[in-house]
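Values below: all heavy atoms of this structure, side chains included; hydrogens, waters and symmetry mates excluded. Both counts, for ligands and for their atoms, begin at 1 and track the order of listing.
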Amino acid sequence: MKLHRFDGPGKVRLDDIAADPPASATKAKAKDRLAGLSDELFELQDLMWGARTHCVLMVLQGRDAAGKDGTVKHLSGAFNPRGVAVTSFGVPSVEERQHDFLWRVHKHAPRAGEVAIFNRSHYEDVLVARVKKLVPAPVWKERYDQIRAFEQTLVSAGCVLLKFFLHITKEEQKERLLAREKDPNDAWKLNVDDWKDREHWDDYTKAYEDAIEACSSEDAPWIVVPANAKWYRNLVVAETLAAAMRPHRKAWRESLEAQGKLVRRDLKAWRTAHNR
Ligand code: AMP
Ligand code: MG
């Protein structure tokens, strides 16, 4: 699978990245692969939960109807709910606005052993805040450095950090928004702002490109996910996540074994002392 992974300096041109799945991918093959990946993710999460040396943060960003909720639904289903926390970031409350922009975000950073999924994130503060001019330019421009430092703090504490941009075309978005409007079970998800934001499509493209360029590193990469097809989107996200967790499997298992040895030693000592 060819990943559009950004993990260092370099230009990002979203229009040059296909939003459709590659011709070689098929839904049937993706389904099989996803089933295997879900089992693997469950196992990796279990090891990470016990080892408590790392945590995972997945940031999901994308335009309206890009599939952030669908990705959360799909991905969180692969995990044991005990160790997953999903946080959606909407328009900041009055209290949140009275703090620095990272205040509300840092509180939801995953603790050791946990998987956190952010549906929107601190990136809104360099996306919507920029496009809708919610803050002056010098303020959002300074935030790239602040975001890099924040993310580095998480990574230094053992966070496996992945940021996903769910990439859909303007046509696909239109179809999805219109389909939602027709569906009695889905229409509630809509907002006039979804259509207003479409008028700023190119401004958002630029804002995303700048954010990805400014805040990509080996430890905190961005992945641009072709998201016009939901099955391919889910596959790319699951594949990326498993690839990021897999290198830790051995160390997590060793940590569990070491913990198990200590417990066995204690039990043995207790039995000997108490003749059980
Ligand atoms: P939804 O994802 O449909 O629930 O909508 C959440 C809305 O909150 C979106 O329109 C976002 O642009 C907006 N939002 C999220 N974070 C911020 C932020 N930091 N500043 C302003 N608006 C935000
Ligand atoms: Mg919106």
Tell me whether the NZ or CZ atom of Arg143 lies within the 45° cone about the ring axis of Phe101 and under 6.0 Å from its centre. yes
Give the atom numbers and elements of ligand 1 that come within less than 4.0 Å of a heavy atom of Asp125. 19 (N)
Where does Ala129 meet ligand 1, judged by heavy-atom distances below 4.0 Å: at the side chain, the backbone, both, or neither? neither
Donor-acceptor pairs under 3.5 Å, side chain of residues 263-276 to any protein atom, not counting sequence neighbours: which ones?
residue: Thr272; atom: OG1; partner: Lys268; partner atom: O; Å: 2.7
residue: His274; atom: ND1; partner: Trp270; partner atom: O; Å: 2.9

Check contact between Leu134 and ligand 1, using heavy atoms of the residue and a distance below 4.0 angstrom. yes
Does a donor on one side chain and an acceptor on the other come within less than 3.5 Å for His122 and Glu151? yes
Between ligand 1 and Arg120, is the shortest N or O to N or O distance under 3.5 Å? yes
So which pairs with a foot in residues 19-37 pass side chain to side chain donor-acceptor pair (under 3.5 Å), sequence neighbours left out? Asp20-Asn228, Arg33-Glu239
Tell me the contacting part of Arg104 for ligand 1: side chain, backbone, both, or neither, using a 4.0 Å heavy-atom threshold, strictly below. side chain
Against the six-membered ring of Trp103, is Lys107 placed for a cation-pi contact (under 6.0 Å from the centre, within 45° of the normal)? yes
For ligand 1, which is the ligand I care about here, please tell me if Asn119 has any N or O atom under 3.5 Å from one of the ligand's N or O atoms. no
Quick note on ligand 1: atoms under 4.0 Å from a heavy atom of Gly90 include exactly 6 (C), 8 (O), 14 (N), 15 (C), 16 (N), 17 (C), 23 (C)
Between Leu190, Val128, Asp197, Val105, flag the one that comes closest to atom 23 (C) of ligand 1 by a heavy atom. Val128
I want to check a possible cation-pi pair here: Arg233 against Trp231, using under 6.0 Å from ring centre and within 45° of the ring axis as the test. no
Sidechain-backbone polar pair: His4 side chain, Ile17 backbone, donor-acceptor under 3.5 Å: no
Please work out, at 4.0 Å between heavy atoms, whether the side chain, the backbone, both, or neither of Val91 comes within that distance of ligand 1. both
Flag Glu124 as yes when one of its N or O atoms lies below 3.5 Å from any N or O atom of ligand 1, and as no otherwise. yes
